[in-house]
Amino acid sequence: MQKFILFLAFLIPIGMLAQTKVTGVVTEKSSGTPLLGVNVVIKGTTTGTTTDFDGNYQISANNGQIIVFTYVGYKAQEIAYTGQATIDVAMEEDASTLDEVVVVGYGSAVKKDVTGAVESVTSDDFNGGAIVSPEQLIAGKTAGVQVTPPSGAPGSGSAIKIRGGVSSLSASSAPLIVVDGVPLDQGSAGLNYINANDIESFTVLKDASAASIYGSRATGGVILITTKTGKSGQLNVNVNHFTSVGSNVNEVDILSSTQFRDLVLANGNANQIAQLGNTSTDWQDEIYRGSLTHDTNVTVSGGFDNSTYRASVGFVTQEGTLRTSEVDRWTGSLKFVQRLLNDDLRIEANVLGAILNDQFGNQGAIGAAVSFDPTQSVFDPNSPFGGYTENVNNDGTINTIAVRNPVGLLEQNDSTAETKRSTGSLKIDYTLPFFRDLKVTVKGGYDYNEVDGRFVIPPTAASNFNSQGLFGTNNTLNRTQLLDVFAFYKKDIESINTTIDITAGHSFQSFYRSNRFQNVTGLDEVNGNVFKTENALESYFGRANVSIADKYLITLNLRNDISSRLNPDDRSDIFGGVSLGWNIMGEKFMENSKVFSQLKLRAGYGETGQQEFGQDYGYIPRYTTGDGRVQYQFGYNPDGSPRFVTTIRPEEYDENLRWERSKTINLGLDFGFLNDRITGSVEVYERKVEDLINFIPVPAGTNLSNALFTNVGNLENRGLEINLNTLIVDTEKFSWNTNFNVSFFDNEITKLFLTDDPTSPGSLTGGIAGGVGNTIQINSVGFEANSFYVFKQIYDANGAPIEGAYVDINGDGVVDVDDRYRYKSPNADAVFGFNSNMQYGNFDFSFTLRASLGNFAYNNVASNTGNVQSLFGANSINNVNASILDTGFQNQQLFSDYYVQDASFLKLDNLTIGYTFEEAFKNTRLRVYATGQNLFVLTDYDGLDPEIDGGIDNNFYPRSRNILMGINLNL
């Protein structure tokens with residue numbers, strides 16, 4: 001034994017002497033920049049190192065060994081060692097590798113191994129323009145995702161729908177949004193606190209098999225937002241600035257002052273005619289203006305030996321086209337990544353924050369501008385109402401029920417708010433040194449949103465003249481805290497050519513919301529209320545991915561969610577999904593295919609839940625404190641004045657309130673032709689939603705209210721999605737690629753009440769202007785959600801609608817409420833997106849077109865005011881919608897299907913042209929660009945804009961057309 005040990009001791013130095021130290025520098029091929037953190041490994045061994053800040057490395061190797069250089073996003077290189085003292089390596093970016101990695105829930109995955117309906121849009125493909133709310137970046141970019149642009153109000157957010165957005169009736173159909181791993185409160189404010197320049201990618205989990213890892217909040221789909229991270233290497237400074245000019249594209253079609261005067265003279269009595277003025281005022285011109293937006297962002301990024309950083313600061317000031325409306329926003333972000341213990345320990349800190357100062361224009365002026373008498377001037381020197389012309393009674397007192405002066409509503413309303421919003425997280429990843437296939441992650445996160453608002457209306461304002469003005473405050477706080485603990489296990493089992501990847505963890509997220517408002521009139525009348533609530537979600541989740549021979553793929557998701565919003569017996573439930581994939585290109589019969597370059601078949605089934613219905617304690621009896629409007633007199637004060645006591649009222653509840661559950665089947669095909677010059681996917685799906693959380697009327701006396709949230713009803717969705725990407729030209733001088741996507745939708749309510757009632761038409765919804773309690777939509781079994789519920793209009797020989805003449809649908813000889821029928825809906829049958837990107841030399845040109853077919857809108861502006869009755873309402877004369885010139889209606893015909901109009905459209909969302917100076921200055925890259933937004937709309941809709949979320953058009957803040965010039969400077 002001693003001789004054997006001595007023999008080994010002799011051999012070890014010989015082996016060591018056979019090895020030689022190799023040094024070198026690793027750089028990026030395109031720029032020559034040293035790369036930090038490149039893995040340098042002797043192939044087939046555990047011997048390895050990484051490059052330092054200057055790209056230097058040193059490693060020992062034997063003759064004949066292979067040295068492998070790998071770095072995320074770059075093509076791996078293998079170099080044989082044959083005695084060289086120095087080996088320098090220039091690494092080339094691998095675009096295909098970059099494209100393959102996509103973010104999924106609680107981690108990332110290689111796209112070729114993804115089995116669910118997952119789409120990713122990166123910053124290279126984002127829409128350009130004056131974008132304050134970042135969801136606009138992906139409008140029209142991928143099938144199955146509809147982004148309805150925000151109204152023209154500065155800082156307002158978009159509405160996002162995934163796969164039609166009809167996943168519930170009363171609960172939220174909005175997708176869950178996760179920012180750097182922190183799920184946002186679905187009931188909180190939108191995304192306008194995030195600077196669009198800080199976002200790296202949006203990943204959309206569309207089907208339940210992919211989204212079920214988020215369980216109870218994934219019925220409406222999931223959107224994962226990933227912010228940018230610094231890169232190792234030299235310091236990089238980026239400055240981006242643009243200035244945008246905006247103007248309204250359209251205005252509501254109302255009578256001119258001449259048309260208005262003629263109509264009053266033809267229909268009015270002496271008193272009404274006497275109210276006519278002698279001027280001509282276009283009130284829409286008076287309340288709207290051209291707008292300016294300035295946006296500046298500065299970013300600093302880089303890295304050290306084992307760390308990277310990225311910090312940014314941005315400022316935007318955006319005017320609205322409605323006078324007095326404006327938002328100023330400061331944003332900041334910081335992301336820092338530190339790697340320790342030979343990269344076994346990774347710490348990532350990430351913070352996003354914003355301070356927004358809003359000046360709100362009184363949007364009541366929009367409706368007032370289409371109704372106020374156009375023969376009156378803006379100002380009256382004898383007016384006691386701040387000098388503004390107002391509708392008054394015969395005795396000169398204010399007519400409290402008449403339309404107010406639109407300019408006065410804007411100028412005599414000072415409404416402001418300061419919003420402080422921040423999200424952030426601290427994530428620690430640790431690879432166990434004694435079990436290197438296992439990585440443990442701990443993440444803490446938060447979402448904080450505080451709003452302090454105030455408004456002042458002076459005593460001279462006609463809107464509050466009798467109360468001698470008004471002062472109010474409104475303070476809101478929404479706070480979310482998150483703690484996730486999860487582990488990853490990945491193992492390659494070479495003997496059976498299989499890879500398994502397992503994730504398991506626990507999540508706890510708490511939500512706190514509070515609001516305090518108070519109004520004080522000039523008469524010292526006080527009205528206010530305080531509201532506080534909270535809820536929590538606890539979850540256990542797991543996912544397993546199995547890849548067999550890189551051809552056969554299996555993904556299993558499972559999540560147990562526990563919601564404090566639901567009754568204790570049913571608040572814990574299990575959601576999950578399974579999906580399968582077949583990489584057909586891996587089969588031998590496809591090895592020599594000259595047609596296909598990609599071909600993968602996917603199928604999945606998943607179940608998700610829903611508990612976002614805006615009520616935290618709907619399953620227990622509770623009492624709420626009333627405000628000043630529901631006080632009860634109880635005796636008298638010592639001074640003899642009445643003593644009022646605030647009441648405490650019981651609220652409705654359902655002790656059996658439980659989960660809404662969605663079940664989805666998805667079938668998909670990914671394909672590529674001609675060496676991926678043409679790629680795309682086709683998806684078909686069917687979703688069934690059961691135990692809908694619905695707000696429905698209940699019989700009097702059966703509960704403490706006449707309506708409540710309860711589980712009742714079923715809903716079905718079906719659809720087809722097609723994505724097609726083409727690389728038409730790809731040369732060194734000229735490149736051109738396009739994306740076309742189309743989505744087809746269909747939805748149907750299959751159950752609405754606890755027991756079938758064939759005599760019930762359904763549940764009314766969709767409140768409208770033109771009376772108290774009127775609705776124009778209905779939910780009925782066998783029909784689309786939110787179908788319009790109207791009378792069938794009868795027309796004369798010339799095609800003009802006959803007032804009050806409707807079809808007797810049921811044939812009983814009487815036209816009454818039983819003859820209303822379900823006609824169309826605001827839900828589109830199909831939506832399209834087309835994107836084109838061209839680059840010729842240093843010039844770039846891109847545009848995005850969006851289209852929607854089969855969506856209808858109810859023109860409530862025309863139905864409410866397009867009649868003679870509205871001309872003389874409220875003891876005053878009011879302007880009316882120009883539709884009266886076509887209909888001649890004397891009275892409102894609110895429920896005529898004449899006002900349900902085809903709102904299909906084609907929009908040119910944005911168009912950008914730019915030029916890049918590669919060496920504008922020494923080591924400086926400069927791009928100048930111009931962008932147009934909302935450039936044209938083609939539609940047959942008569943209203944202001946065909947794209948109305950919810951389908952009811954009632955005095956909408958118009959979207960502006962914007963033209964901007966910008967520069968992007970890389971130092």
Side-chain angles (χ1 to χ4, degrees), residues 36-37 39 48 50 52-53 71-73 101-109 177-184 194 198-201 203 213-214 222 224-232 301-312 332-353 422-448 479-491 501-510 536-545 559:
L36 166 68
N39 291 311
T50 58
D52 64 14
F53 182 79
Y71 194 59
V72 175
V101 179
V102 295
V103 178
V104 294
Y106 303 99
S108 59
I177 296 177
V178 182
V179 179
D180 286 327
V182 178
L184 303 186
I194 303 178
D198 291 331
I199 297 178
E200 177 63 34
S201 68
T203 301
I213 190 69
Y214 287 102
V222 179
L224 308 176
I225 297 177
T226 303
T227 58
K228 294 176 180 177
T229 303
K231 294 182 179 180
S232 299
S301 64
F304 304 103
D305 288 347
N306 292 301
S307 61
T308 60
Y309 64 88
R310 184 183 185 277
S312 73
S333 73
L334 176 64
K335 181 177 282 190
F336 180 78
V337 178
Q338 179 70 49
R339 294 176 297 277
L340 302 168
L341 305 178
N342 293 323
D343 285 349
D344 286 348
L345 179 63
R346 184 180 185 274
I347 303 172
E348 178 181 314
N350 181 44
V351 177
L352 299 169
S422 178
T423 57
S425 63
L426 177 65
K427 184 172 78 167
I428 301 173
D429 297 324
Y430 183 57
T431 300
L432 302 183
F434 52 86
F435 191 16
R436 303 203 62 79
D437 295 328
L438 185 66
K439 181 174 71 174
V440 178
T441 298
V442 178
K443 175 187 286 184
Y446 71 89
D447 179 7
Y448 182 88
R479 183 178 64 239
T480 298
Q481 294 172 297
L482 170 76
L483 178 62
D484 288 344
V485 180
F486 49 98
F488 300 95
Y489 174 77
K490 187 172 183 179
K491 183 68 174 177
D501 183 348
I502 298 174
T503 303
H506 172 268
S507 177
F508 182 83
Q509 190 166 11
S510 63
L537 278 169
E538 184 176 17
S539 307
Y540 300 88
F541 58 88
R543 177 177 56 225
N545 294 312
R559 185 171 179 121

Any residue meeting side chain to side chain contact (heavy atoms under 4.5 Å, CB included) with [X], in chain and number order, not counting sequence neighbours:
| X | value |
| --- | --- |
| T480 | D185, D447, Q509, F511 |
| S539 | S507, R559, D561 |
| V485 | V442 |

For [X], enumerate each residue passing the side chain to side chain donor-acceptor pair (under 3.5 Å) test, keeping only those at least two apart in sequence or located in another chain.
| X | value |
| --- | --- |
| R346 | E348 |
| D344 | R436 |
| S312 | D198, S333 |
| T227 | D180, K335 |

Rounded to the nearest 0.5 Å, how far apart are [atom1] of [X] and [atom2] of [Y]?
| X | Y | atom1 | atom2 | result |
| --- | --- | --- | --- | --- |
| I428 | Q338 | CD1 | CD | 12.0 Å |
| D343 | T431 | CG | OG1 | 9.0 Å |
| Y214 | L537 | OH | CG | 13.5 Å |
| K443 | L426 | NZ | CG | 10.0 Å |
| Y489 | F435 | OH | CZ | 4.5 Å |
| N350 | R310 | CG | CZ | 10.0 Å |

Minimum heavy-atom separation for [X] to [Y], with atom names?
| X | Y | value |
| --- | --- | --- |
| G445 | V182 | CA-CG2, 4.1 Å |
| L341 | Y430 | CD1-CE1, 4.0 Å |
| L334 | A311 | CD1-CB, 3.9 Å |
| V351 | S422 | CG1-OG, 4.0 Å |
| L438 | A487 | CD1-CB, 4.1 Å |

Exercise for the section: Return the set of residues passing salt bridge (charged side-chain N to carboxylate O under 4.0 Å, His left out) with R543 (not counting sequence neighbours), or none when no residue passes. Expected result: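 By the salt bridge (charged side-chain N to carboxylate O under 4.0 Å, His left out) rule, R543 matches no residue at all.
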
Practice task
Could you tell me which residues satisfy salt bridge (charged side-chain N to carboxylate O under 4.0 Å, His left out) with K491, sequence neighbours excluded, listed by chain and number?
Solution key: D437

Considering only heavy atoms from C-beta outward, does the side chain of [X] approach that of [Y] to under 4.5 Å?
| X | Y | result |
| --- | --- | --- |
| K231 | T308 | no |
| I225 | I199 | yes |
| V104 | I213 | no |
| T441 | Y106 | no |

For [X], give me all partners under ring pair (Phe, Tyr, Trp, His ring centres under 6.0 Å), at least two apart in sequence or on another chain.
| X | result |
| --- | --- |
| Y446 | none |
| F434 | none |
| Y540 | H506 |

